[in-house]
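Below is one structure, written out as C-alpha cells; the observations come after it.
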There are 2 protein chains.
Amino acid sequence: MNNYMQIHKYLKQFDIKPSVQRTAVMDYLMTHKTHPTIDEIYSTLSPFMPTLSKTTIYNTLNLFVEKGAVLHLSIDEKNARYDADISNHAHFMCKRCGKVYDLFDLKQELFNKPQLKNFDIHSVEISYSGFCGTCTGMN
Amino acid sequence: MNNYMQIHKYLKQFDIKPSVQRTAVMDYLMTHKTHPTIDEIYSTLSPFMPTLSKTTIYNTLNLFVEKGAVLHLSIDEKNARYDADISNHAHFMCKRCGKVYDLFDLKQELFNKPQLKNFDIHSVEISYSGFCGTCTGMN
DNA sequence: TTATAAAACTATAATGGTTACAAAGATAAA
DNA sequence: TTTATCTTTGTAACCATTATAGTTTTATAA
Ligand SMILES: [Mn+2]
Ligand SMILES: [Mn+2]
Ligand SMILES: [Zn+2]
Ligand SMILES: [Zn+2]
C-alpha cells in the first residue's frame, strides 16, 4: 500500500498517469533488478491480472522509456530489456546463461570527450558480452 | 585485381574461403566505411551480380562475424550494421539522419576494470545516440 | 448523477528483419 | 569422371514489435 503510493509518486514525477497496469509494471521493474524482457514481465504479471494484454506491456514500457522513467537496453539482440535504474552504468550479458549484470557507473569523462564536441548526445550504452563467472566456474 | 588478391589474403587470415560473393561483400565493407546494413550491401551489389541472393549476404556476414573478420554493431535497433574496422572503437548513431559515426578508440582501461574480474569478456560495444552536427546545424 | 469526451487497455492483424530449409550450383578430392 | 563437400539461392517459417480498431476505464462538465 505504501509501496503503491511511492510508485505513484515516482510515475507522476515523469508525467506518467499511474494506472493499475503501469503501477504493476513499474513495481515489477523495481523489485526485479534483472533487466527483464517483455515476456518475463508479462508471464509473471499475467496470472495476477488475468485480463492483462501483452500489448499493454509494450505500450507501457515504450511510454516509460519515452518519459525517461526506465532505460531500454539493446544488449540482448533477441529481446529488448528494461532497467528501472536510470543511472548511467555499464552492463554485461552472458552468452551462455543469458543473464544481464550491472558492472560499473560511467565516468563523466565519457561525456566530455573532445570527439563528441559536435554531437548532441541523448544516451550512451556500454555493453560487454562473453561468459559470466557462474558459467565458467571462475567463482 | 591487386585488390582482390589483398582481400583473398585477408579472408584467408580468418580461415574464410574467398568465394566471389564473399570477396565482393568484404570489398564493399572495406571501401564503404559507413557501417552499412544488409539491405544497403545487397542493393548496391545486386545490380552487378544479378544472381546474388540476400540470404547469401546474411550467411556471409554471419560467417565474417563468427570468424572475427568484421564487427557486428547493435547500435541500430532496426537493422544490424557491419564494420570491417575490427579495432575496439565507440560509435554514435544520429536518430534523425541515421548515420553511424566512428568516435574514438576504447582505452585498455575499459578491459582492466576490477568489476570485470570474474567475467570472460568476448566483446565490448560503446554506443552513443542523439543528433549529429549536420542535423543540428552545429557545424 | 448523468452525459460526453479523452485516455488507456485489449485482441488481433500486419510488419519486417532474420533464420531454417531444401534444392541447385560450384569446388575439390579421388 | 565420379564423388563428396562446400556454397549459393529461393522460399517458407519464425518471432519480436507495431498498427489498428473496438472496448473499457477515467476525467470533465452539464
Ligand atoms: Mn542495469
Ligand atoms: Mn566503426
Ligand atoms: Zn552465465
Ligand atoms: Zn544526423
Side-chain angles (χ1 to χ4, degrees), chain A residues 4 7-8 11-12 14-28 35-43 45-67 69-82 93 95 98 100, chain B residues 4 7-8 11-12 14-28 35-43 45-67 69-82 93 95 98 100:
Chain A
Y4 273 123
I7 294 174
H8 281 196
L11 291 176
K12 279 176 188 163
F14 291 95
D15 200 29
I16 297 166
K17 287 190 192 168
S19 70
V20 175
Q21 291 86 347
R22 288 168 182 175
T23 305
V25 171
M26 184 54 84
D27 190 14
Y28 184 94
H35 316 93
T37 64
I38 296 273
D39 272 333
E40 287 167 355
I41 299 171
Y42 177 72
S43 304
L45 296 184
S46 181
F48 300 99
M49 308 174 71
T51 70
L52 184 64
S53 164
K54 196 181 282 187
T55 301
T56 298
I57 309 293
Y58 276 98
N59 292 340
T60 299
L61 287 167
N62 284 343
L63 179 70
F64 286 179
V65 171
E66 194 183 308
K67 296 292 191 178
V70 314
L71 285 184
H72 169 280
L73 304 185
S74 307
I75 195 171
D76 182 351
E77 318 250 290
K78 302 297 178 189
N79 318 287
R81 290 175 175 266
Y82 297 90
M93 175 160 175
K95 285 191 221 162
V100 174
Chain B
Y4 273 124
I7 294 174
H8 281 197
L11 291 176
K12 279 175 187 162
F14 292 95
D15 200 29
I16 296 165
K17 288 189 191 168
S19 69
V20 176
Q21 291 86 346
R22 290 168 181 173
T23 305
V25 171
M26 183 55 84
D27 191 13
Y28 184 93
H35 316 92
T37 64
I38 296 273
D39 273 332
E40 286 167 355
I41 299 170
Y42 176 72
S43 304
L45 296 183
S46 181
F48 300 98
M49 308 175 71
T51 70
L52 184 63
S53 165
K54 196 181 283 188
T55 300
T56 298
I57 310 292
Y58 276 99
N59 291 340
T60 299
L61 287 168
N62 285 342
L63 179 70
F64 286 0
V65 171
E66 194 183 309
K67 295 292 191 179
V70 313
L71 287 185
H72 169 279
L73 304 184
S74 307
I75 194 170
D76 181 351
E77 318 251 290
K78 302 297 179 190
N79 319 286
R81 289 176 176 264
Y82 298 90
M93 175 159 175
K95 285 191 221 162
V100 174

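Each chain gets a letter, A, B and so on, in the order the sequences are listed, and its residues count up from 1.
Distance CD/Glu66(A) to CG/Asp15(A): 10.5 Å, rounded to 0.5 Å. Between the CE atom of Met93(B) and the CZ atom of Arg81(B) there is a distance of 5.0 Å, given to the nearest 0.5 Å.
Here Asn59(B) lies in heavy-atom contact (under 4.0 Å) with a base. Using a 4.0 Å heavy-atom cutoff across all strands shown, Lys54(A) reaches no nucleic acid atom at all.
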- request: With side-chain contact (heavy atoms from CB on, under 4.5 Å) as the test, would you mind laying out the steps for Asn59(B) and Leu63(B) before giving the verdict?
  value: CA-CA 6 Å; Asn59(B) 291 340; Leu63(B) 179 70; over 6 Å; no
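Counting to the nearest Å, the P atom of dT26(D) and the NE2 atom of His8(A) are 11 Å from each other. Here the P atom of nucleotide dA8(C) and the CG atom of Leu11(A) are 12 Å apart, to the nearest Å. For the pair His72(A) NE2 and dA16(D) P, the computed distance is 14 Å after rounding to whole Å. What separates CE of Met49(B) from P of dA26(C) is a distance of 12 Å, to the nearest Å. Whole-Å rounding puts the Tyr42(A) OH to dA11(C) C1' distance at 10 Å. The CD1 atom of Ile38(B) sits 8 Å away from the P atom of dT19(C) (whole-angstrom rounding). To the nearest angstrom, P of dC9(C) lies 13 Å from CG of Leu45(A). A straight line from CG of Leu52(B) to P of dT7(D) spans 16 Å, rounded to a whole angstrom.
Using a 4.5 Å cut-off on side-chain heavy atoms (C-beta onward), Val25(B) and Tyr28(B) make no contact.
Phosphate proximity of dT17(D) to Tyr58(A): present, with a side-chain N or O under 4.0 Å from OP1 or OP2.
If you check residues 16-24 of chain B against DNA chain D, the residues with a heavy atom closer than 4.0 Å are Lys17(B), Ser19(B), Gln21(B), Arg22(B), listed by number.
Listed nucleotides: dC9(C), dT18(D), dT19(C). Nearest to the side chain of Asn62(B): dT19(C).
Residue Asn79(A) is the one, among Asn79(A) and Thr55(A), whose nearest nucleotide of DNA chain D lies closer to the 5' end (criterion: closest heavy atom). In terms of position along DNA chain D, the nucleotide closest to Thr56(B) lies nearer the 5' end than the nucleotide closest to the other residue of the pair Asp39(A) and Thr56(B). Nearest-nucleotide positions on DNA chain C for Leu63(A) and Pro50(A) put Leu63(A) closer to the 5' end.
Exactly one residue among Leu73(A), Leu71(A), Ile38(A) makes a side chain to side chain contact (heavy atoms under 4.5 Å, CB included) with Tyr82(A). That residue is Ile38(A).
Side chains of Thr60(A) and Gln21(A): a donor-acceptor N/O pair is absent below 3.5 angstrom, by distance only.
For the residue pair Ile16(A) and Ala69(A), the shortest heavy atom distance occurs at CD1-CB, 3.9 Å.
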